[in-house]
Amino acid sequence: MIRYALPVLLFASVLPAHAQAPVNETPLIERAKIFGNPSKSGGRISPDGKWLSWIAPRDGVLNVWVAPSSDLAQARSLTEEKVRPIRSSFWSPDSTTLLYIQDKGGDENFLLYGVNVATGKQINYTPFEKTRVRVIQISSKVKDRILIGINNRDARWHDVYSLDLASGKLTLVQQNDGYGGYLADELLNLRIASKARTDGGMQYFRITDGKVDSAPLAEVGLEDSQTTAPLAFTADGKTLYWTDSRGRNTSALLAQDVASGKTTVVAQDPRADIADALYDTRTGRVQAYSVDYLQQEYLPLTDELKADLAFLKQHTKGQFNVTSRTEADDKWLVGVDAVTAPASSWLYDRKSKKLTQLYVTRPELVGAPLVPMYPQEIKARDGLTLVSYLTLPQASKADAGGKATRAVPMVLLVHGGPWARDTYGYNSYHQWLANRGYAVLSVNYRGSTGFGKQFISAGDLQWGRKMHDDLLDAVQWAVQSGVTTADKVAIMGGSYGGYATLAGMAFTPTTFACGVDIVGPSNLFTLLQTIPPYWEAGKQQFYKRMGDPTTEEGRALLKERSPLNFAQNIQRPLLIGQGANDPRVNVAESDQIVAAMAAKNIPVTYVLFPDEGHGFARPVNNIAFNAVTENFLGQCLAGRAEPIGATLKASTAQVKHGAEFAPGLQEAMR
């Protein structure tokens with residue numbers, strides 16, 4: 001699929017004096033149970049059905065594990081990472097090798113590795129420096145090789161290589177001289193190339209016998225650029241599926257006859273974009289699609305899958321997701337999310353209609369006081385509908401519909417991207433903060449994806465303005481609905497959510513009681529100057545949707561929307577967390593706003609992790625920062641908190657500034 005992602009985070013219940021809880025308070029869930037390593041995650045079944053794989057700790061670090069599907073007791077670790085967790089893996093088409101990508105210290109220079117299941121032999125398929133690999137196509141028809149993109153020749157563009165999985169030999173298929181992405185068919189023939197237009201739109205070109213056509217097959221403007229893209233070819237190469245918003249608002253699933261060019265609408269929904277589907281493992285034809293408006297749901301297109309999806313809906317307790325299928329399509333792995341219980345993975349035998357539980361991701365949370373999440377439709381001041389998600393602590397005494405009967409402090413948790421979205425389901429941050437006594441509200445502000453092109457475009461050039469107004473409107477809704485009071489709301493988020501936090505602190509300095517910024521940009525000029533070179537194809541979209549630094553008007557807008565330029569206005573407590581190796585939001589983004597605040601003697605606490613990037617992948621670091629965060633929020637909002645304890649020393653955290661402004665931090669550093 002061609003798409004540009006425009007980036008797009010054991011102690012007893014001892015409470016500090018400011019947060020003493022009554023005896024009958026909800027039991028405190030230990031941080032380590034929420035943010036420590038999962039017992040198992042990322043389950044996959046091999047294409048031949050003989051193996052099951054997953055990610056699990058080995059000596060305290062997440063590694064790749066495998067077991068015969070007939071005997072999980074024979075599970076063994078295939079990798080031996082000692083420091084940085086492996087977070088996902090996938091199977092080679094011949095079922096002999098497990099593949100995974102890994103970077104160093106969060107620099108996002110992801111290299112591709114493989115390990116042979118039978119021999120345990122490991123190989124680095126892309127042994128290059130300052131290189132980021134892309135997987136372009138894995139086919140069930142060609143089992144001995146895959147197509148990958150490598151940007152070691154020119155950091156901006158990924159050349160396409162055929163990778164022989166057994167030997168590791170790389171064969172150049174296409175040198176890339178300016179194309180943002182490629183789509184291949186099931187025979188690993190490159191068929192489509194995409195190229196960015198200067199106006200932020202996209203062009204899609206046919207590739208015939210390795211040559212890119214001079215005239216585009218299709219092109220779209222900025223408005224459709226994030227909601228229109230080719231998805232996949234059928235196995236015979238005769239049909240091309242698109243997610244397509246041309247001539248409509250939300251993107252539909254289209255089937256295009258390659259020979260004639262005729263398109264047919266397969267599915268559409270006026271509420272949300274359709275970009276995800278289940279394809280027949282043999283023919284590649286769409287069998288079902290999913291819609292995610294308030295919650296995700298599968299909708300079948302064939303009678304065969306209709307029965308399967310109905311069975312899964314009836315026999316799973318929560319929202320389910322088909323995560324992996326055998327080539328024969330006789331067995332599926334299904335993830336189940338009940339929100340108020342830890343996620344679980346199940347093996348579904350289609351013939352016998354039997355579900356077998358494989359594992360619970362976090363068994364230590366079974367029976368923990370997890371709370372529901374309530375989807376909400378909140379109206380912005382100009383009438384836009386903001387799909388949002390509210391989690392309430394037990395102290396809210398919510399009724400069955402999620403209406404709070406008692407106001408409590410609230411954390412506005414803002415998603416990153418901003419071209420991404422919040423979804424329904426178990427959310428570790430929602431559960432953690434609710435357990436500490438806070439209502440938690442996540443808002444799909446304008447610019448978020450999934451709700452049609454008009455909703456995305458409504459966020460163009462609105463960083464820190466209408467996008468921020470949406471967050472303010474959601475807070476007002478929460479106050480008017482009795483969820484919280486206006487003086488007890490904190491703002492917190494990562495990436496764009498970190499920017500929103502800084503914007504909230506600087507642009508509306510008395511609205512929020514405090515803020516927690518995680519890897520958030522403070523200066524939009526320097527943010528755009530330091531984006532990774534491999535985002536070259538999406539740069540014009542940044543300019544058109546954020547502000548163009550090459551024009552006088554754009555520079556004025558970026559200056560106006562940069563919290564750094566208004567740091568002197570910050571009045572409320574601020575905590576900042578940053579990874580030193582972040583390639584998206586350079587460490588200078590946090591350094592410079594901390595320096596600006598320190599120069600004005602404005603209190604700010606700054607925690608830096610030298611071995612992290614855009615977010616904190618290592619659990620010891622995540623736990624350490626969250627330990628500081630919950631004690632910081634406890635002082636600000638009077639919620640509960642575990643002591644920081646030894647978590648800081650177990651991590652690589654460096655407190656660069658303002659330890660005295662965060663409760664317990666100075667003591668934890670000793």
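This chain uses plain numbering: 1 for the first residue, then up along the sequence.
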With a 3.5 Å cut-off and no angle check, do the side chains of Thr323 and Asn321 form a donor-acceptor pair?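 No, no side-chain donor-acceptor contact under 3.5 Å.
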Assess whether a salt bridge exists between [X] and [Y], defined as any Lys/Arg side-chain N lying under 4.0 Å from an Asp/Glu carboxylate O.
{"X": "Asp103", "Y": "Arg132", "value": "no"}
{"X": "Asp164", "Y": "Arg145", "value": "no"}
{"X": "Glu297", "Y": "Arg271", "value": "yes"}
{"X": "Lys143", "Y": "Glu327", "value": "yes"}
{"X": "Asp349", "Y": "Lys351", "value": "no"}
{"X": "Asp308", "Y": "Arg350", "value": "yes"}
{"X": "Asp460", "Y": "Arg446", "value": "no"}

Between the main-chain N or O of Arg285 and the side-chain N or O of Asp280, is there a donor-acceptor pair closer than 3.5 Å?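 Looks like no, no N/O pair under 3.5 Å.
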Counting N and O atoms only, with roles assigned by atom type, does the side chain of Thr391 sit under 3.5 Å from a partner on the main chain of Val440, one being a donor and the other an acceptor?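 No, Thr391 side chain to Val440 backbone: no donor-acceptor pair under 3.5 Å.
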Could you tell me which non-hydrogen atom of [X] sits nearest to which non-hydrogen atom of [Y], and how far apart they are?
{"X": "Lys141", "Y": "Ala235", "answer": "CE-CB, 3.8 Å"}
{"X": "Ile456", "Y": "Arg545", "answer": "CG2-NH1, 3.6 Å"}
{"X": "Gly417", "Y": "Ser495", "answer": "N-OG, 4.3 Å"}
{"X": "Ala56", "Y": "Trp65", "answer": "O-NE1, 3.1 Å"}
{"X": "Gly180", "Y": "Ala537", "answer": "CA-CB, 3.7 Å"}

Does the ring centre of [Y] sit less than 6.0 Å away from the ring centre of [X]?
{"X": "Tyr496", "Y": "Tyr445", "value": "yes"}
{"X": "Trp157", "Y": "Tyr179", "value": "no"}
{"X": "Phe616", "Y": "Phe35", "value": "no"}
{"X": "Trp332", "Y": "Phe320", "value": "no"}
{"X": "Trp346", "Y": "Tyr359", "value": "no"}

Crowded around [X] [atom1]? As in, over 12 foreign heavy atoms under 6.0 Å?
{"X": "Asp71", "atom1": "CG", "result": "yes"}
{"X": "Lys353", "atom1": "NZ", "result": "yes"}
{"X": "Lys313", "atom1": "NZ", "result": "no"}
{"X": "Lys306", "atom1": "NZ", "result": "no"}

Please report the interatomic distance [atom1]([X]) to [atom2]([Y]), rounded to the nearest 0.5 Å.
{"X": "Ile274", "Y": "Leu299", "atom1": "CD1", "atom2": "CG", "value": "7.5 Å"}
{"X": "Phe205", "Y": "Leu217", "atom1": "CZ", "atom2": "CG", "value": "9.5 Å"}
{"X": "Asp330", "Y": "Arg325", "atom1": "CG", "atom2": "CZ", "value": "11.0 Å"}

Could you walk me through whether Tyr279 and Tyr241 pass ring-ring contact (aromatic ring centres under 6.0 Å, His included), step by step? CA-CA 11 Å; Tyr279 299 90; Tyr241 290 108; 5.7 Å; yes
Matching residue for Ser245 among Asp273, Thr250, Thr227 - test: side chain to side chain donor-acceptor pair (under 3.5 Å):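 So, applying the side chain to side chain donor-acceptor pair (under 3.5 Å) to Ser245 and each of Asp273, Thr250, Thr227, only Thr227 qualifies.
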